[in-house]
Structure formats: structure tokens, C-alpha cells
Amino acid sequence: MTERTIQLQDVVRRKAAHLGPRGEEWLAGLPALVDELARRWSVTVGPPLSGGTASFVARARTADGQDAVLKLAVPEYDFGGQVRTLVDADGHGYVRLLAHDVDQHAMLLEALGRPLGEVDVPPEDKIATLCATLRQAWQVPRPPGPAVDPALGLIELVGTLWERLGHPCSERVVTQALTYAERRAAAFDLDRSVVVHGDPHPGNTLRVLTPRPGAESGFVFVDPDGLIADPTYDLGVVLRDWGPQLLAGDAPVLARHYCALLAGHTGLDEKAIWEWGFLQRVSTGLYALSFGADEMARPYLETAELLASPDHV
Ligand SMILES: Nc1ncnc2c1ncn2[C@@H]1O[C@H](COP(=O)(O)OP(=O)(O)O)[C@@H](O)[C@H]1O
Ligand SMILES: [Mg+2]
């Protein structure tokens with residue numbers, strides 16, 4: 001019987017509980033798993049880190065005194081894809097992976113600093129940093145073989161959740177999201193696709209503690225999804241955020257401005273970025289609602305209402 005108590009963020013606990021028995025089992029086994037991994041990887045586990053939504057993350061120290069970070073993910077995602085991306089990246093655009101156990105959804109990571117989300121600079125500067133870091137991250141070699149376009153999964157997710165949750169946003173919004181998803185699916189081209197991050201928001205973008213090759217922007221990503229997609233998929237995720245700014249100003253004008261910046265920094269297609277951005281806004285809002293994170297969902301769905309209009313089709 002372990003003595004360890006685990007401080008877990010509410011949103012993570014809710015996400016695990018939402019998975020049913022598999023998630024409950026994960027929650028119950030977490031203290032023992034932390035102990036086992038601490039022994040196996042010869043680390044002392046320190047205080048937990050907040051900011052994520054699907055993992056227990058804590059500072060750790062290796063036997064030779066190096067700082068590291070232990071991450072145990074809720075058994076929900078394709079964790080193998082996350083590990084593969086970090087192994088293939090070898091520190092370029094991404095956190096370095098020190099040890100991992102795919103079956104236990106566990107990894108030991110290079111210790112990083114504060115997230116870009118906590119840096120006090122305007123959105124335009126964050127967008128520039130995200131684009132520079134993404135350009136580095138998109139260099140990860142693409143595994144051989146076919147790939148499934150994530151637009152197809154989003155079509156399914158948006159349609160199903162909108163019905164199941166009792167139409168929590170307007171039909172106009174959901175129709176526009178599905179139209180954009182179908183357009184992105186029709187445009188899918190494996191030759192142009194890369195290993196995308198999948199969720200490159202400022203909370204997943206952390207400062208490196210000392211400058212190093214592969215982190216020329218000063219930041220690297222954690223928490224990749226391991227998807228193969230058009231690189232504009234990631235830019236759509238970046239465009240999806242900035243809820244407070246959009247809700248405080250002229251949302252369509254500001255969102256167009258951010259979209260133009262994303263296209264300008266990367267040389268990629270503005271229309272594709274806009275369409276992915278709208279789709280991501282709606283799918284993330286619905287997904288957050290589906291596990292009870294209503295506060296998180298609200299800005300996504302409110303801004304979607306403001307950005308859905310015939311001129312944006
Ligand atoms: N290597 C790291 N160094 C420092 N902080 C980290 C590291 N990895 C994750 N974190 C912190 O923990 C949070 C959650 O980690 P993340 O991998 O994004 O998990 P989640 O799946 O829960 O989003 C991050 O937003 C960040 O604040
Ligand atoms: Mg994260």
C-alpha cells in the first residue's frame with residue numbers, strides 16, 4: 001500500500017472519470033504507478049505541474065541530480081503516436097524524451113520552463129513564436145505508409161457530439177464547420193502532409209531552460225498528437241484560441257488579422273487556415289462540453305457564433 005497522495009487537477013480527474021471503468025482504474029492506480037516509475041527510472045518525484053488537461057505531470061530529479069519531468073497521461077489518446085513523434089523529433093521543435101513506457105502511458109521528459117501562454121506579450125508575438133516553432137516541428141520525418149486525414153474524424157466528432165449534447169450551438173455554426181471539414185477532407189494530399197503537432201496552443205509551448213539546437217525559437221512543444229495532416233491543420237489550432245481578445249473586440253476583423261499573420265509567417269494558404277480554425281473552434285468547444293468542461297468550451301462556441309457568417313463561407 002503506497003503512502004503517496006496525488007494532487008490532480010479537476011479537469012484531469014473529470015476527463016479520466018468520463019472514460020468509465022478504464023479511467024477509474026487509472027485514477028485508483030496512479031499513486032502506485034508513480035512509485036513504480038520513480039523506482040524504475042531512478043527519479044525522485046517532486047511537486048505537480050498544472051496547465052494540462054489530460055495528464056498528471058510532476059517535476060522530478062534523476063539519480064545524477066538532473067531536473068526532469070514525469071508525465072502520466074490519462075489512457076485516452078494514441079499515446080504511442082505521442083512517443084513516436086518525440087522519438088523521431090529527437091529534440092527538434094519538441095521536448096527531449098528521456099524514458100517512456102507506452103503501455104503505462106508514461107514518460108520522463110527534459111525539464112522545460114514556463115509556457116508561452118504565461119509570457120506577457122501580445123498575441124501577434126505569440127503567433128510569431130508558435131509559427132517559428134511549428135516550422136521546426138514539421139521537419140519530423142513522416143512515417144512511411146498511408147495516413148487518415150483528421151478532417152474525417154472531426155466530421156464524425158462534430159456531427160455526433162452536436163446531436164448527443166442536444167444542439168449546444170446553432171445549426172448555422174455546425175453546418176459551417178461540417179462544410180469546411182468536407183472541403184479540407186477533399187483537399188487532403190499525403191504528399192503535402194507532415195507529422196503535425198495536433199494541439200500547438202501556447203500552453204503546450206514551453207521555454208527551453210538553456211539554448212540548444214532544435215529550439216532556435218527559444219521554445220519547444222510538449223504533448224504532440226502524432227497525427228499526419230496538412231500543416232495548415234496546426235495553424236487552424238493556433239487560430240482557434242484568443243477567445244478573450246476576440247470577445248473583447250471586433251471578432252471577425254481580429255480573427256482575419258491573426259489568420260493573415262499565420263499565413264504570412266509560414267507561406268501557407270490563408271483559406272485553408274481559416275477553415276481549419278473554424279472547424280477546430282467548434283470541435284474543441286463540443287469536445288470540452290462532452291466531458292463537462294463548460295467553462296473551457298464557452299469561448300470556443302461563443303466566438304464560433306460571431307465568426308460564422310455567409311461572408312466567411
Ligand atoms: N517537460 C516539461 N517541463 C516543464 N513543464 C512541463 C513539461 N511537460 C509538461 N509540462 C507542464 O505540464 C502541463 C501539462 O503537460 P502536457 O504534456 O501538455 O499534458 P496534457 O496532456 O495534460 O495537456 C504543460 O502545459 C506544462 O505546463
Ligand atoms: Mg497539453
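The shown structure was predicted, so the numbers you read here are calculated from the model rather than taken from an experiment. First listed ligand is number 1; within each ligand, the first listed atom is number 1.
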May I ask you to identify the nearest protein heavy atom to [atom], giving residue, atom name and distance to one decimal place in Å?
atom	value
atom 8 (N) of ligand 1	Val222 CG1, 3.8 Å
atom 21 (O) of ligand 1	Ser55 OG, 3.0 Å
atom 1 (N) of ligand 1	Glu110 O, 2.8 Å
atom 23 (O) of ligand 1	Asp223 OD2, 2.8 Å
atom 27 (O) of ligand 1	Ser50 O, 3.3 Å
atom 24 (C) of ligand 1	Gly203 O, 3.8 Å
atom 18 (O) of ligand 1	Asn204 OD1, 2.8 Å

Output the atom name for the N/O/S atom of Asp223 with the smallest distance to the Mg ion (ligand 2).
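In Asp223, the heteroatom (N, O or S) nearest the Mg ion (ligand 2) is OD2.
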Counting only heavy atoms closer than 4.0 Å, does ligand 1 sit against the backbone of Lys71, its side chain, both, or neither?
side chain
Do any N/O/S atoms of Asn204 come under 2.8 Å of the Mg ion (ligand 2)?
yes
Report yes if some N/O of Ala54 lies less than 3.5 Å from some N/O of ligand 1; otherwise report no.
yes
Show the nearest heavy-atom pair for residues [X] and [Y], with the distance to one decimal.
X	Y	value
Asp234	Asp199	OD1-N, 4.3 Å
Pro202	Trp242	CG-CH2, 4.1 Å
Phe278	Val173	CE2-O, 3.6 Å

For the residue pair Trp276 / Asp230, report whether a side-chain donor-acceptor contact shorter than 3.5 Å exists.
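Side chains of Asp230 and Trp276: no pair found under 3.5 Å.
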Ligand 1 contacted by Ala68 (non-hydrogen, < 4.0 Å)
no
So, does Ala73 sit close enough to ligand 1 that a heavy atom of it is under 4.0 Å from the ligand?
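Judged by the 4.0 Å heavy-atom criterion, Ala73 does not count as contacting ligand 1.
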Those atoms of ligand 1 less than 4.0 Å from some heavy atom in Thr53
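Counting from 1, the qualifying ligand atoms are 20 (P), 22 (O), 23 (O).
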Near Val95, which atoms of ligand 1 are under 4.0 Å from a heavy atom of that residue?
1 (N)
Would you call the rings of Tyr94 and His197 parallel, tilted or perpendicular, where under 30° means parallel and over 60° means perpendicular?
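Parallel: the ring planes of Tyr94 and His197 meet at under 30°.
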Parallel, tilted or perpendicular: rings of Phe79 and His105 (30°, 60°):
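Rings of His105 and Phe79: tilted, 30 to 60°.
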Can you tell me if CD on Glu25 sees more than 12 non-hydrogen neighbours from other groups inside 6.0 Å?
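Open: at most 12 neighbouring heavy atoms sit under 6.0 Å from CD of Glu25.
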Regarding Arg96 and Asp90, does a basic nitrogen lie under 4.0 Å from an acidic carboxylate oxygen?
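Result for this pair is yes, salt bridge flagged.
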Heavy atoms, side chains only, cut-off 4.5 Å: are [X] and [Y] in contact?
X	Y	answer
Pro143	Val195	yes
Lys71	Asp223	yes
Tyr300	Leu286	no

Note: heavy atom closest to atom 6 (C) of ligand 1, options Leu112, Leu206, Leu97, Asp199, belongs to Leu206
Would you mind finding which of Leu109, Val57, Thr205 brings a heavy atom closest to atom 12 (O) of ligand 1?
Val57
